[in-house]
Each structure stands twice: as structure tokens, then as C-alpha cells.
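Below is one structure, written out as C-alpha cells; the observations come after it.
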Amino acid sequence: HHTSFLWDYEEENMAYLTIPEKKPKYRGDRNHDDFLVKLKSAYGRIGDDHSSKRAFFYHVKCAAFEAFDMEEVLLKDAMKVFDELGGMQTWFESKCRTRILDLSKH
């Protein structure tokens, strides 16, 4: 299973999401519309869009540090891990099941 954090989205694009074959029992046959939440709706009241997003990421970061043994590093140091694995594109193509679709061609 996976989680996607969606700050905002176009409602009509959610029709592309299908109910997965493998799913937790608590989900049942509910559509994505039954539980999708725009994070902008929850965090958008904090201030401008930039500070709202910062507040969201701050809360995710705090929760992650509580749940996992983590170390904060600079982006350039984190990117070295991809280099050791053959580069980000190689990692993406071999490990990541997420696909980016260009809907403008259809």
C-alpha cells in the first residue's frame, strides 16, 4: 500500500484512479472520493499558501522523527545515495512503480 500527499488536485482527474486489486479490509470497495482530502483544505487556513505548506511539512517531519530513527541531512548529501545507486533515473526506473503520464497528448 502507499500514501500520496495531495495539496490540491482537479476533481475530474480522480476518475483516473482505479480501485486496486490488493487493498486493506477496512477500505472495502470505497472509491477514492470517499476518503481523499485536499491538504490545502486542512492546512490552507494557516496563512498564505507558502506558510500553509511549510506547516504541513513541519508536522510530517515531526511525526516521522517520532516514528523512525532519522537524521536530517542536506539535500546534496541525500542525493549522493542516488549517485551510489547509479543515479536518480536508474533508481526511478528500477524501484519506483509510480509513472508520470502526459495527459496533454490524449
Side-chain angles (χ1 to χ4, degrees):
H1 307 296
H2 76 276
T3 298
S4 296
F5 295 108
L6 302 172
W7 184 255
D8 199 4
Y9 54 86
E10 298 292 330
E11 305 280 339
E12 61 271 12
N13 289 340
M14 296 302 106
Y16 293 105
L17 299 175
T18 59
I19 297 176
E21 291 179 29
K22 237 178 117 179
K23 57 188 176 270
K25 289 181 183 180
Y26 65 82
R27 180 192 171 141
D29 288 327
R30 294 184 300 151
N31 289 321
H32 286 88
D33 291 341
D34 294 334
F35 54 86
L36 280 177
V37 174
K38 292 180 181 183
L39 292 172
K40 183 177 182 177
S41 300
Y43 284 90
R45 296 182 215 105
I46 293 174
D48 62 30
D49 206 40
H50 179 72
S51 60
S52 298
K53 289 178 184 177
R54 287 179 56 87
F56 167 71
F57 285 111
Y58 171 78
H59 287 104
V60 169
K61 178 180 163 182
C62 290
F65 270 95
E66 286 179 20
F68 303 102
D69 182 22
M70 295 178 51
E71 175 185 349
E72 194 164 348
V73 298
L74 297 173
L75 177 60
K76 67 180 180 92
D77 295 328
M79 294 304 290
K80 290 177 186 175
V81 173
F82 286 113
D83 292 340
E84 292 169 6
L85 297 172
M88 184 179 281
Q89 188 64 37
T90 301
W91 173 84
F92 184 83
E93 290 171 354
S94 66
K95 303 288 184 210
C96 185
R97 295 183 305 169
T98 299
R99 298 292 177 251
I100 299 171
L101 304 175
D102 184 356
L103 300 178
S104 67
K105 296 179 181 179
H106 300 281

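Heads up: numbering here begins at 1 and tracks the sequence.
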Atom pair [atom1]/[atom2] of [X] and [Y] - distance to nearest 0.5 Å:
X	Y	atom1	atom2	answer
Asp8	Ser41	CG	OG	7.5 Å
His32	Leu6	NE2	CG	9.5 Å
Phe56	Trp7	CZ	CH2	7.5 Å

How would you list, by chain and number, every residue that makes a side chain to side chain contact (heavy atoms under 4.5 Å, CB included) with Glu11, sequence neighbours excluded? Tyr9, Lys38
Please enumerate all residues that pass side chain to side chain contact (heavy atoms under 4.5 Å, CB included) together with Asp29, with sequence neighbours excluded. Lys23
Can you confirm whether Leu17 sits close enough to Leu36 that some side-chain heavy atom of one is under 4.5 Å from a side-chain heavy atom of the other?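 Touching, per the 4.5 Å side-chain cut-off.
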Does Phe82, at its CZ atom, have more than 12 non-hydrogen atoms belonging to other residues, nucleotides or ligands within less than 6.0 Å? yes
Looking at Arg30, is its backbone amide N or carbonyl O close enough to the side chain of Arg27 to form a donor-acceptor pair, meaning the two atoms are under 3.5 Å apart?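 Flag set: sc Arg27 to bb Arg30 pair under 3.5 Å.
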Just list the side-chain donor-acceptor pairs under 3.5 Å for residues 63-80, sequence neighbours left out, or say none.
residue : atom : partner : partner atom : Å
Glu72   : OE1  : Lys61   : NZ           : 3.1
Glu72   : OE2  : Lys61   : NZ           : 3.2
Asp77   : OD1  : Lys80   : NZ           : 3.4

